[in-house]
There are 2 protein chains.
Amino acid sequence: MDIIDRKIISLLAQDARRSLSDIGGAVELSASAVNERIRRLTTSGAIRRTTVDADPQALDLPILAFVWIALAPGADEAAFRSYAAAHPSIAECHHVTGPWSYLMKIHVGSLAGIEAFLADMKEHGFLVRSETIIALSSVVDGPFILKEGMV
Amino acid sequence: MDIIDRKIISLLAQDARRSLSDIGGAVELSASAVNERIRRLTTSGAIRRTTVDADPQALDLPILAFVWIALAPGADEAAFRSYAAAHPSIAECHHVTGPWSYLMKIHVGSLAGIEAFLADMKEHGFLVRSETIIALSSVVDGPFILKEGMV
DNA sequence: ACTGAAACAGCATGGAA
DNA sequence: TTCCATGCTGTTTCAGT
């Protein structure tokens, strides 16, 4: 993982469909040398996958919210993990420092969607307390990767 | 934007390098029909870009943190926006409801990197108060898209 | 809007340096 | 690890439905 590998990842991050010779021109390497580096970066896990960043609006998911979670005492953590992993609305879920246990990033279609989301979590017995923060606008927007179950 | 378009985006989200005929097989369409749909989705902005999801660890950015920001009263909001957009560590920055003005998601190399980050924000006169939450582990990890200035 | 075929570009591979 | 040469897969375009 040298400076050229970083440059290649950066170029691919901007546009993963750039040709190998294009990238080669930018880093002063032949196309096949670039190909070999990308192959190594992929097998080593430095590049996890090539994907598409979609517009949540176009997919009718205009609401972005962050939800703080206090897990119910004695809640099944393993069950919670697989629940979160499979849930189509949960873009991210992190175990965090501070007064709350988890921070989630969710995409939903409407404010009613947030209520339904929290109700579902409660029904599953995970939730005791939560706090929801809604993003009004984004100065720097993160990528939106459509989850499998979300179709 | 019908169900087939969603399916195509979902398939590309899993692996943007799947061939058009592969995708065509999954949605029962010819390769060129799929190509035409992807072209439309891209020009309409529903697909923003094809990109690579990298491993922050491999790029020496193992620390993920969320930073709440109270903007200094009378701070230049436009300047703050371009500062945030250009800053290599800031993966996301949202204007949010609740007691804080902004929520940022940042990737840094070490805890010292957080301190340096906050000091820089303060020097620029944006920050009055902030609170930092560190992600200990991720139940559902978001994608990491290397920013241009980060190389 | 979709199909199928033909033309083209880009990728993958192997051998040499 | 890199380059070059080449066979081949996948993309793009276009005429037809």
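All values below were derived from every heavy atom in this structure, side-chain atoms included, with hydrogens, water molecules and symmetry-related copies excluded. In what follows, chains are A, B, ... by sequence order, proteins preceding strands, each numbered from 1.
Nucleotide D:dT1 holds its P atom 15 Å from the CD1 atom of A:I38, rounded to whole Å. If you measure from atom CG of B:L20 to atom P of C:dC2, you get 14 Å, rounded to the nearest angstrom. We find that CG of B:D2 is positioned 10 Å from P of C:dA1, with the value rounded to whole Å. Computed from coordinates, the A:E28 CD to D:dC3 C1' distance equals 15 Å when rounded to whole Å. Atom-to-atom, CD of B:E36 to C1' of D:dG16 comes out at 16 Å; the value is rounded to the nearest Å. Between A:I4 atom CD1 and D:dT2 atom P the separation is 7 Å, expressed in whole Å. The CG-C1' distance, from B:L12 to D:dT11, rounds to 14 Å in whole Å. Across the protein-nucleic acid pair, A:R37 atom CZ and C:dC11 atom C1' stand 18 Å apart, rounded to whole Å.
With DNA chain D read from its 5' end, the first of the two nearest nucleotides for A:R17 and A:S30 is the one closest to A:S30.
The phosphate of C:dA12 has neither OP1 nor OP2 within less than 4.0 Å of any side-chain N or O from A:R39. One finds a side-chain N or O of B:N35 lying less than 4.0 angstrom from the OP1 or OP2 phosphate oxygen of D:dT12.
Under a cut-off of 6.0 angstrom, the local environment of CZ in A:R40 is crowded, with over 12 non-hydrogen atoms contributed by other residues, nucleotides or ligands.
Judged by distance alone with a 3.5 Å cut-off, no donor-acceptor contact links the side chain of A:S21 to the base of C:dG10.
Within 4.0 Å of A:R40, counting heavy atoms only, lie sugar-phosphate atoms of the nucleic acid but no base atom. Among the heavy atoms of the strands lying under 4.0 Å from B:S19 are primed sugar atoms or P, OP1, OP2 only; no base atom is included.
Judged purely by atom type and a 3.5 angstrom limit, A:S10 has no side-chain atom pairing as donor or acceptor with the backbone of A:R6.
Minimum atom distance to the side chain of B:A33 is reached by C:dC2, of the listed D:dC3, C:dA5, C:dC2.
Cation-pi contact between A:R129 and A:W100: present, with separation from the ring centre below 6.0 Å and deviation from the ring axis of at most 45°.
The aromatic rings of B:F66 and A:F66 stand perpendicular to each other, their planes meeting at an angle above 60°, with 30° marking the opposite boundary.
There is no side-chain donor-acceptor pair under 3.5 Å between A:D76 and A:Y83.
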